[in-house]
Amino acid sequence: MATDRYNAREAEPRWQKAWEERGIFTTSNDDPRPKYYVLEMFPYPSGRIHMGHVRNYAMGDVVARYKRAMGLNVLHPMGWDAFGMPAENAAMERKVHPKAWTYQNIAAMKAQLKSMGLSLDWTREIATCDSDYYKHQQKMFLDFWQAGLVERKLGKVNWDPVDQTVLANEQVIDGRGWRSDAIVVQREMPQWYFAITKFSEDLLQAIDRLDRWPEKVRVMQRNWIGRSEGLHVRFALDPATTPNRETELAVFTTRHDTLFGAKFMALSADHPLAAAAAAKNPALAEFIAECRRHGTAQQLIDTAEKLGFDTGMKALHPFDPEWKLPVYVANFIVMDYGTGAIFGCPAHDQRDLDFANKYGLGNTPVVCPPGQDPKTFVITDAAYDGDGRMINSRFLDGMTIDEAKEEVARRLEHTSREGRPVARREVNFRLRDWGISRQRYWGCPIPVIHCEQCGIVPVPEGDLPVKLPDDVDFDRPGNPLERHPTWKHVACPKCGAPARRETDTMDVFVDSSWYFARFTDPWITTAPTNRRQVDHWLPVDQYIGGVEHAILHLLYSRFFTRAMKLTGHAGLDEPFAGLFTQGMVVHETYRAASGEWVMPAEVKVEGGGEARRATLLASGEPVTIGPIEKMSKSKRNTVDPDDIIASYGADTARWFMLSDSPPERDVIWTEEGVQGAWRFVQRLWRLVREAGEVAAAADAPRPPRFGEPALALRKAAHRALAHVSEDIERLRFNVCVAHIYEFAN
RNA sequence: GGCCGCGUGGUGGAACGGUAGACACAGCAGACUUAAAAUCUGCUUCUGGGAAACCGGAGUGCCGGUUCGAGUCCGGCCGCGGCCACCA
């Protein structure tokens with residue numbers, strides 16, 4: 001009976017070879033059958049695949065194989081998100097060229113993915129660091145520029161002092177760089193931007209129609225775009241109090257109903273008026289400098305005290321010129337939202353209240369909660385931001401908040417000062433333009449030339465791609481392109497005079513914002529996309545990946561698709577019709593007596609339940625079993641997919657990944673669970689073989705009669721089929737697995 | 001602070017508003033083995049009674065509501081997790 005076993009190690013490569021030789025997963029663009037595009041987020045070629053990849057690609061592969069079995073023409077491609085910092089880090093640490101490092105990693109990971117037995121069309125493989133790919137990205141950059149979607153502006157940017165680069169807001173987490181973990185500082189630099197905010201309204205509205213996206217992601221995107229309806233109000237300034245005869249101060253507010261509760265005005269430290277006032281007031285200048293120093297450390301914001309500095313300026317209340325409000329510079333006002341200035345209503349905004357209490361500005365409640373007596377309603381240290389009726393507000397008294405807002409807006413819209421209305425209704429978004437400049441080598445060069453005479457000149461289309469030079473060194477931090485001896489020195493395409501090549505490269509998120517479109521025809525050399533194919537295949541019917549990309553990658557891709565439509569490279573707005581965000585792979589952590597983390601492969605775990613204990617495989621030394629956490633290098637709780645595939649086979653690894661946990665939740669990788677999956681693979685193999693033997697032995701097959709075991713089996717089979725089909729459609733793989741177990745039983 | 005999600009056996013988790021705990025893991029018992037592994041069979045929410053087959057009671061974080069009927073729907077708490085966060 002020893003030979004009576006399924007030998008995955010022998011069978012899997014044999015079949016994988018057969019599939020490859022027959023090209024059965026190659027998808028034809030001319031196939032007349034209805035299309036189905038299933039895509040998993042392509043990997044960064046870090047060197048090895050990890051269990052997160054296994055889970056992600058196992059799910060996508062089930063969908064691909066299922067849809068293929070249902071008679072659809074399935075596109076299921078794979079590629080590499082190949083630009084980025086780790087390649088440069090490797091170059092600095094190990095003296096390997098980023099290109100060599102990246103392509104070695106791609107080769108290694110491709111072999112690993114192949115051993116997983118995924119039904120991928122490898123003929124469409126792309127790597128974003130390949131000039132055959134980024135050349136088209138440069139072309140689109142120029143087209144976007146032409147279409148007014150690219151801007152170069154001096155911006156306050158997040159500067160990562162360790163990686164020596166600019167980061168997008170989205171890449172700053174708790175005031176630290178998302179990769180380096182260094183505290184980010186603010187710097188003024190000319191930067192390239194994609195004008196994503198031109199699509200703010202549309203990107204927001206269209207979320208409603210993404211009905212096959214997880215609600216969680218839709219909410220996150222809505223919040224990120226952050227639409228607020230409010231009023232832009234121009235406050236007149238008392239000219240006697242202003243430094244350079246400034247006449248007004250504009251604010252944006254969503255609570256214009258509380259205008260009669262105003263006690264002060266506050267400016268951002270970066271507001272031009274603050275700078276003007278500071279020019280004549282050294283103490284104020286010092287305060288502003290202090291605010292800037294604190295501005296970056298997001299961690300402190302929570303606890304930071306509200307601080308302000310009275311500029312001496314006075315603003316006049318829009319409904320009462322006799323009512324003068326002091327103008328402060330305050331540390332809690334950000335310049336890049338609204339106008340960088342507010343009016344403070346302490347009674348109904350906690351921040352304003354904290355501020356007013358500190359500086360003794362008092363407060364006047366103007367919204368009275370239902371059931372409260374206006375005469376006794378007072379605010380001390382908790383602002384009231386709930387519903388109610390207007391009080392202490394002259395002509396607004398008795399109105400609801402909404403009525404009061406409308407009345408204020410209506411009146412101020414029709415009041416004019418210096419020939420213009422005092423207020424206008426305005427919609428503000430939290431979303432900022434996408435800063436794509438990176439002072440790095442290993443990215444897509446921005447195809448632009450700076451000329452003394454002609455200014456900023458696009459690289460002519462015929463000169464694309466602007467290729468990265470190969471001869472660069474990494475012995476210092478900073479951008480190797482900047483200090484390359486010749487690369488940046490070029491002739492101006494317009495006037496021929498000596499000019500300078502742009503040395504910024506694009507954010508890696510640009511690379512991944514359109515790869516799904518390139519997959520539809522990766523062979524076309526004359527354009528980024530083949531319009532016939534891109535319009536046929538897109539949108540992606542089912543996109544699967546980690547929830548960590550819920551904002552960045554997915555929002556950028558939605559923007560990019562719109563920009564491609566505007567420039568004729570695609571014909572639709574939304575790239576991903578169906579989105580699924582899978583959970584992480586987590587594992588127990590192990591710690592040796594020395595306190596060092598120990599890898600699962602070095603540990604022997606025995607017993608179950610209470611008696612469960614672990615020892616070091618090598619020495620027998622006891623090991624502490626720690627909490628279950630995301631697989632990570634730092635905690636060393638990773639399991640190498642290669643080891644699992646070598647000892648159990650890919651089917652076991654994939655089967656286990658889909659069992660037990662619902663796919664959107666975290667799955668706990670356990671040795672016992674893998675063993676269970678392995679047992680079932682064996683059992684299934686035996687069952688199928690036995691069934692084959694029975695079938696071969698039956699001399700006269702006839703339809704089974706009612707009550708016979710064969711009929712019951714047929715019924716069970718059909719029930720299982722129905723359940724499994726339904727649950728694959730709903731991506732409930734763990735339930736599919738249970739149904740299959742049930743049927744096998 | 002804001003928004004969102006989740007609380008079901010020892011564990012991961014099933015359950016169109018209709019037999020709660022499918023399926024798996026762990027555990028226990030048995031069969032086969034000289035033995036182990038593998039495999040197969042059975043038991044396994046708690047609790048009372050019974051030698052057993054079985055009979056009864058409680059039970060999906062807590063409190064209340066809607067309903068003939070609630071793990072599921074509604075309201076309020078408690079706890080855990082995630083995302084965003086001086087966004088005016």
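Keep in mind it's a predicted model, so treat the numbers as computed, not measured. Letters A, B, ... mirror the listed sequences (proteins, then strands); counts begin at 1.
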Side chain of [X] (C-beta onward), nearest among [options]:
{"X": "R686(A)", "options": "C23(B), U39(B), C84(B)", "result": "U39(B)"}
{"X": "R432(A)", "options": "C87(B), C23(B), C25(B)", "result": "C87(B)"}
{"X": "E672(A)", "options": "A26(B), A88(B), C86(B)", "result": "A26(B)"}
{"X": "V334(A)", "options": "C23(B), C3(B), A88(B)", "result": "A88(B)"}
{"X": "I342(A)", "options": "A88(B), A85(B), U39(B)", "result": "A88(B)"}
{"X": "R430(A)", "options": "A24(B), U39(B), A85(B)", "result": "A85(B)"}

Is any side-chain N or O of [X] closer than 4.0 Å to OP1 or OP2 of [N]?
{"X": "N745(A)", "N": "A24(B)", "answer": "yes"}
{"X": "Y337(A)", "N": "A88(B)", "answer": "yes"}
{"X": "R679(A)", "N": "A24(B)", "answer": "no"}

So, does the side chain of K216(A) form a donor-acceptor pair with the base of C83(B) at under 3.5 Å?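 Result: no qualifying N/O pair found.
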If pairing requires Watson-Crick or G-U wobble contacts with both distances under 3.5 Å, which nucleotide is the partner of [N]?
{"N": "G64(B)", "answer": "C74(B)"}
{"N": "A20(B)", "answer": "none"}
{"N": "C87(B)", "answer": "none"}
{"N": "A35(B)", "answer": "none"}
{"N": "A15(B)", "answer": "none"}

Both V219(A) and R683(A) contact RNA chain B. Which one's nearest nucleotide lies toward the 5' end?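 Between the two, 5'-proximity favours V219(A).
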Toward the 5' end of RNA chain B, by each residue's nearest nucleotide, V547(A) or D349(A):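 Nearer the 5' end of the strand: V547(A).
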Span that lies between the [atom1] atom of [M] and that of [N], in whole angstrom:
{"N": "U66(B)", "M": "U72(B)", "atom1": "C1'", "answer": "13 Å"}
{"N": "U45(B)", "M": "A22(B)", "atom1": "P", "answer": "8 Å"}
{"N": "G2(B)", "M": "G57(B)", "atom1": "C1'", "answer": "46 Å"}
{"N": "C80(B)", "M": "C25(B)", "atom1": "C1'", "answer": "23 Å"}

When all nucleic acid strands are considered with a 4.0 Å heavy-atom cut-off, which category describes I333(A): base, sugar-phosphate, or nothing?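 Contact class for I333(A): base.
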For G226(A), which contact category applies under a 4.0 Å heavy-atom criterion: base, sugar-phosphate, or nothing?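 No contact at all - G226(A) keeps every heavy atom at 4.0 Å or more from the nucleic acid.
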How long is the gap from OG1 on T581(A) to CE on M220(A), to the nearest 0.5 Å?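 Rounded to the nearest 0.5 Å, the OG1-CE separation comes to 9.0 Å.
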Are any protein N/O atoms closer than 3.5 Å to N/O atoms in nucleotides 30-33 of chain B? If there are, list each pair with its distance.
none

Carboxylate-amine/guanidinium contact R222(A) E215(A), below 4.0 Å: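 Looking at E215(A) together with R222(A), the answer is yes, because their closest N to O distance falls below 4.0 Å.
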Under-3.5 Å N/O pairs linking protein and nucleotides 8-15 of chain B:
residue, atom, partner, partner atom, Å
G12(B), O2', S661(A), OG, 3.0
G12(B), N2, D660(A), OD1, 3.4
A14(B), OP1, N734(A), ND2, 3.3
A15(B), OP1, R732(A), NH1, 3.4
A15(B), OP1, R732(A), NH2, 2.1

Report, as yes or no, whether the 6.0 Å neighbourhood of atom CZ on R212(A) holds more than 12 heavy atoms from other residues, nucleotides or ligands.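 Yes.
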